[in-house]
Structures are given as structure tokens and as C-alpha cells.
Number of protein chains: 2
Amino acid sequence: MVRKPTSKESARKPNMREAILAAAEELFATNGFNAVSVRDIAQAAGANPGSVTYHFKTKDGLLLEIYRRHCGPMNLRRSELLAAARRVRDLQDRLEAVVRAYVVPAFTSGSDLAGGGARFTRLRAVMSAEGNEVARKIIAQTFDDTSHAFIDAIHESLPHIPRTDIVWRSHFLLGALYYSLVTPERVSRLSRGEADGGDAANAIEQLVQATVAAFQAPALDQAAPARRRPVVSSKT
Amino acid sequence: MVRKPTSKESARKPNMREAILAAAEELFATNGFNAVSVRDIAQAAGANPGSVTYHFKTKDGLLLEIYRRHCGPMNLRRSELLAAARRVRDLQDRLEAVVRAYVVPAFTSGSDLAGGGARFTRLRAVMSAEGNEVARKIIAQTFDDTSHAFIDAIHESLPHIPRTDIVWRSHFLLGALYYSLVTPERVSRLSRGEADGGDAANAIEQLVQATVAAFQAPALDQAAPARRRPVVSSKT
DNA sequence: ATGTGATTTGTACTATCGTACAAAAGATCA
DNA sequence: TGATCTTTTGTACGATAGTACAAATCACAT
């Protein structure tokens, strides 16, 4: 209803709608949903507050549209990479390829979408931490299929590990992934400048390397069969 | 100035101040800082909005006091456990003990503080995601020493791994830890009910097991010396 | 050029926010 | 009991939130 596909893009500014989406994405991803006002977004996009209402009706609607824009392409990319990874013969190589297929699209731009997947992934991390309702619904119904596909693929490479353990470890992977995008400066700080937390390529390599090893850890039940648990119990 | 240490605790309700702190902690940890109003907190604590201002002056002051309450004890507990872990002879056992010393206090109650460290850790996760300023300052100056101590201890157990890699992997550990507390229900969902994401003891075991393996992964530089990187490059 | 529909602007409304402050209530001890 | 200090209550104020809506402005087909 909103858009008339004429030869040229209409509107005074070249696609104000996109500018608003980009500004909102950036602000939400760095400050959370509730800390950012519609007026903040409008100002960052060089738009009028009323424009936001016009294009997206409500603030929730704006967030919803951001998700709609990214979920499809990112899942598509992941599916392609996962399919390719599944064809890798060597089991060890395949595991790494599968992990990489999960991680790479989250860090890098989803081909056509401006600004890249990193910003969107960070947004998802923040919304998940805030317990945002709109995000929760979309996420569960959009990403769970993909998550299951990855879990299955990993399970194929590690048939001796119980599925439960795979789920836990892939959960840890997502947490690590999120956190790397949320506070990259912490890596720079703790490494005393020797590492750049914001360097996506490096973060990916580190994450893939660590995660592959984590997946390959022995299963919990059969872990360290004849060794005592050291030092502390886990309940207070 | 505020408190007079008489024989009995004063105030109509048995320690309204504590009730407000507990309510704020819970609400902040589940909804974020900006989504929770002072009135919400007061209502949850069975108090009057004015009481919050009286005890903590501002909303930021309330958050600050929550941090003050927990940072000391949790760091103390971690130091104790870390010291004990350092005394473990076997190098593999020591690594596990060190990781456990880092993880356990974050999941379980800090001995004397009601409600436990899990709630506070979740709060930290959420504040970090929201980029909260008050939290950022406190965190950097309170936890970085502890983080360095742990990184050093882990490096001792794995002298052949570059410090940079250890930093990255401990960053992943913290991310995984945070995420486990932020969305435990995702684990239950993805495991189709076979695992309980909210079971702290189980989460700890899974996290420790996976993390120890991640730390033990070969260093990045020397990783897979004669093998091609499979399938995808890391930049778009 | 002019009318028409899409977009942008400006502004206003109501609700709620954090905070301040005076009055009430409770506790403590001479 | 009455004086004094601490705590709680009730209320109010200015700022800002999300959203609605009419007027102004634009792009474009005729």
C-alpha cells in the first residue's frame, strides 16, 4: 500500500525509509530498544519523527521490519553455506565447515543488505538480553529451524556425542558470538592492545577454532572416567 | 549518614531497603535498565516510589548500589577458588579447576548475599548488552583485575598458547556464561525438553567441559598447518 | 501546467518518566 | 510522655515518551 514502484525512487531524500531503518538498527544495537526514542532515530536519519510513524506505524513495527529485512537473507546464506559444508568429506573438516557456515553470516554482511550482518546480529544479542517480546517471537519462529539444522549437521560429524551436549555447546557458541559483537573493546583491553576485538576476520578464526574444539570435547557422562572433580562443588 | 546501627533493624517492614534492592535486581536483570521504571520497582518491593529516592537518591544510584553489594563478595569468592585451583598439581586438572573457579561463583549464590550470584551475573549480562554507562565504569575497574588473574592462571596451564588466544577464549567463556543465564529456556526448547537450561549444576558442568576443551585447542597461528580452510572465506 | 497521490513536516495530545519535597508515621530514648 | 531522628507516604512538577493528524510539499502522469 505504501510504495508505488515508479521508474525513480520517490521522496525528497533518496529513500528516507532506508535511512530510518539503518539509523534505528544502529541505535537499537548499541543502546537497546527502550533507551532509544523515536525522536532519536528520526534525528539520526535526518528525518522528522512523523516520518517514522508514517512508514512503520509504531516503534514495535519499526523493529519488526528490521527483523523482516534481515532474517530471510541471513538464513538463506546460512543454508547455502551449510549445504556446502555437508558435502565436505573429511569429518574433522566438515565439522569446522559447519561451524564456519554458522558463524560467518553472523559476522559479515548478508550480501545485499547494507551495513552487514554484524550489526543485525548485535541487535539480536541486545534484544535477547532485554527480553524484548517482539524479537522473542520472531526469533523463535525464524531461527529455530536453522539452529536445528546446524545441530543435526554437527551431530552427524560427532555421532558419539549426545544431542543434549551438542545443544549446550551450540548455545555456548551463540553466546560467545553475541558477546564478541557486543563488547569487542573488552578483548582489546584485556589483551593490552595485542588483539583487536573489532577485527571480524580474526574474531571468526578465533571463534571457529575454539568452538570446534569445544564440540569435540568428550561427552559429559563419560568425561574423565577415573578422575575426581577438582577443588569445588557446583552448588552453594 | 543514613543508617544508625541500633540493636534492632528499624523501619516498619523488615528492611525495606533490601526489598527494593532485590526487586530492582530482578527487574533489571530480566527487562533491562530502561524498561523498568522506579514505580515498577517500588511496586514489586511493596514500597512507595518516594522510598526509592530516599534510600538511593537516583535510579543510577540504585544500580550502583546493586553492583557495590555484589562485586566485592563475588570477586573474593573467585580469588579464594582461584588460589585453591592454582595449587592443583596436575596441569589438566588445574586448568579445569581454574575454569571452575571462574564459572561457579557466577552461577551460584555468593555465600551471604540473598538471591545468588546468578541473578547478578544475568544483570551484568543485560547491562553489558545495553551499553549501560554506570555498569561499564564499575565493571572495567572491578573485574578486569580478576579477569587478568584468571587469564594468567590459564596461561600457566597452557604455556604453549599465545596470550592473545587465551584472551579471546576467556571472552568466549564469559559470553557463553552470560547467554546461558539470559536465555536458559532456549536450551530446553532446542533440546526438545531433554535438557533443562535453568539447571545451574548441569549448565556449569557443560560449560566447564566445553570451555576446557576450547582452551586446549591448538593455537591459531599453528592451527592445522597443512590443511586448507574449508568451503568459505570470512569476508564478503 | 495542473491535479493527484505519496511523502514529509509541524504540532499537539496524553501518558509516564525521574525526581523533589512536605507531611505523616514510626522508632528510640531521656 | 514527649522530643528527636529515621523512614514512609502522598503528591506534584517539568521533561520526555509514543503516537495521531492536519497542513505543506514533493514527484509524476496527464
Side-chain angles (χ1 to χ4, degrees), chain A residues 1-25 27-28 30-66 127 130 132-135, chain B residues 1-25 27-28 30-66 127 130 132-135:
Chain A
M1 242 146 270
V2 160
R3 178 148 279 278
K4 188 177 67 174
T6 51
S7 52
K8 278 199 305 184
E9 285 292 347
S10 48
R12 196 164 319 151
K13 258 193 177 172
N15 233 345
M16 173 67 80
R17 192 183 137 96
E18 293 300 323
I20 293 172
L21 278 170
E25 223 178 283
L27 288 172
F28 286 158
T30 48
N31 302 104
F33 185 76
N34 294 286
V36 176
S37 71
V38 172
R39 287 167 177 83
D40 291 337
I41 296 167
Q43 188 170 30
N48 188 285
S51 282
V52 179
T53 311
Y54 172 71
H55 284 291
F56 307 101
K57 199 63 187 171
T58 68
K59 199 183 170 190
D60 276 355
L62 173 54
L63 181 64
L64 202 69
E65 183 56 25
I66 292 174
M127 294 303 115
E130 281 188 318
N132 184 288
E133 267 305 312
V134 177
Chain B
M1 241 145 273
V2 160
R3 177 149 281 277
K4 190 177 64 174
T6 50
S7 52
K8 278 199 308 185
E9 285 292 348
S10 47
R12 197 165 321 149
K13 257 194 179 173
N15 234 345
M16 172 67 81
R17 193 183 136 96
E18 292 300 323
I20 293 172
L21 278 169
E25 222 178 284
L27 287 171
F28 287 158
T30 48
N31 302 105
F33 185 77
N34 294 287
V36 176
S37 72
V38 171
R39 286 167 178 83
D40 290 338
I41 296 166
Q43 188 170 30
N48 188 283
S51 283
V52 178
T53 311
Y54 171 71
H55 284 291
F56 307 101
K57 199 63 186 172
T58 67
K59 198 183 171 190
D60 276 356
L62 173 54
L63 182 62
L64 202 68
E65 182 57 25
I66 292 174
M127 294 302 113
E130 281 188 319
N132 184 287
E133 267 306 311
V134 178

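Just so you know, these numbers use all the heavy atoms, side chains as well, and skip hydrogens, waters and symmetry mates. Throughout, a chain's letter reflects where its sequence line sits, starting with A, and its residues are numbered from 1.
Look at CG on B:Asp60: it is 16 Å from P on C:dC17, rounded to the nearest Å. Rounded to an integer number of Å, the gap from A:Phe56 CZ to C:dA6 P is 17 Å. Taking atom CD1 of A:Ile41 as the reference point, atom C1' of C:dT8 lies 17 Å away to the nearest angstrom. As a whole-Å value, the separation of B:Gln43 CD from C:dC17 C1' is 15 Å. As a whole-Å value, the separation of B:Arg17 CZ from D:dT9 C1' is 19 Å. Distance CE (A:Met16) to C1' (D:dT25): 13 Å, rounded to an integer number of Å.
Comparing B:Pro49 and B:Ile20 by the nucleotide of DNA chain D whose heavy atom lies nearest to each, the residue mapping closer to the 5' end is B:Ile20.
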Identify the pairs formed between an N or O of the protein and an N or O of nucleotides 15-18 of chain D at a distance under 3.5 Å, and give each distance.
{"residue": "D:dG18", "atom": "OP1", "partner": "A:Lys59", "partner atom": "NZ", "Å": "2.7"}
{"residue": "D:dG18", "atom": "OP2", "partner": "A:Val38", "partner atom": "N", "Å": "2.8"}
{"residue": "D:dG18", "atom": "N7", "partner": "A:Arg39", "partner atom": "NH1", "Å": "2.7"}
{"residue": "D:dG18", "atom": "O6", "partner": "A:Arg39", "partner atom": "NH2", "Å": "2.8"}

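Distances shown here put a side-chain N or O of A:Asn48 below 4.0 Å from the OP1 or OP2 atom of C:dG10. Contact annotation: A:His55 side-chain N/O to C:dT8 OP1/OP2 distance is under 4.0 Å. In this model, the phosphate group of D:dT8 is not approached by any side-chain N or O of B:Tyr54 to a distance below 4.0 Å at OP1 or OP2.
With sequence neighbours left out, A:Gln43 forms a side chain to side chain contact (heavy atoms under 4.5 Å, CB included) with no residue at all. Remark: B:Ala42 engages B:Pro49, B:Val52 in a side chain to side chain contact (heavy atoms under 4.5 Å, CB included) (not counting sequence neighbours). Qualifying side chain to side chain contact (heavy atoms under 4.5 Å, CB included) partners for B:Ala35, counting only residues two or more places apart in sequence or in other chains: A:Asn34, B:Asn31. By the side chain to side chain contact (heavy atoms under 4.5 Å, CB included) test, A:Thr30 is found to be paired with A:Glu26, A:Arg122, residues two or more places apart in sequence or in another chain being considered.
Legend: salt bridge (charged side-chain N to carboxylate O under 4.0 Å, His left out) pairs involving residues 49-65 of chain B, not counting sequence neighbours, sorted by first then second residue: B:Arg17-B:Glu65, B:Glu65-B:Arg68, B:Glu65-B:Arg69.
Put simply, the side chain of A:Asn48 does not reach to within 4.5 Å of the side chain of A:Tyr54, judged on heavy atoms.
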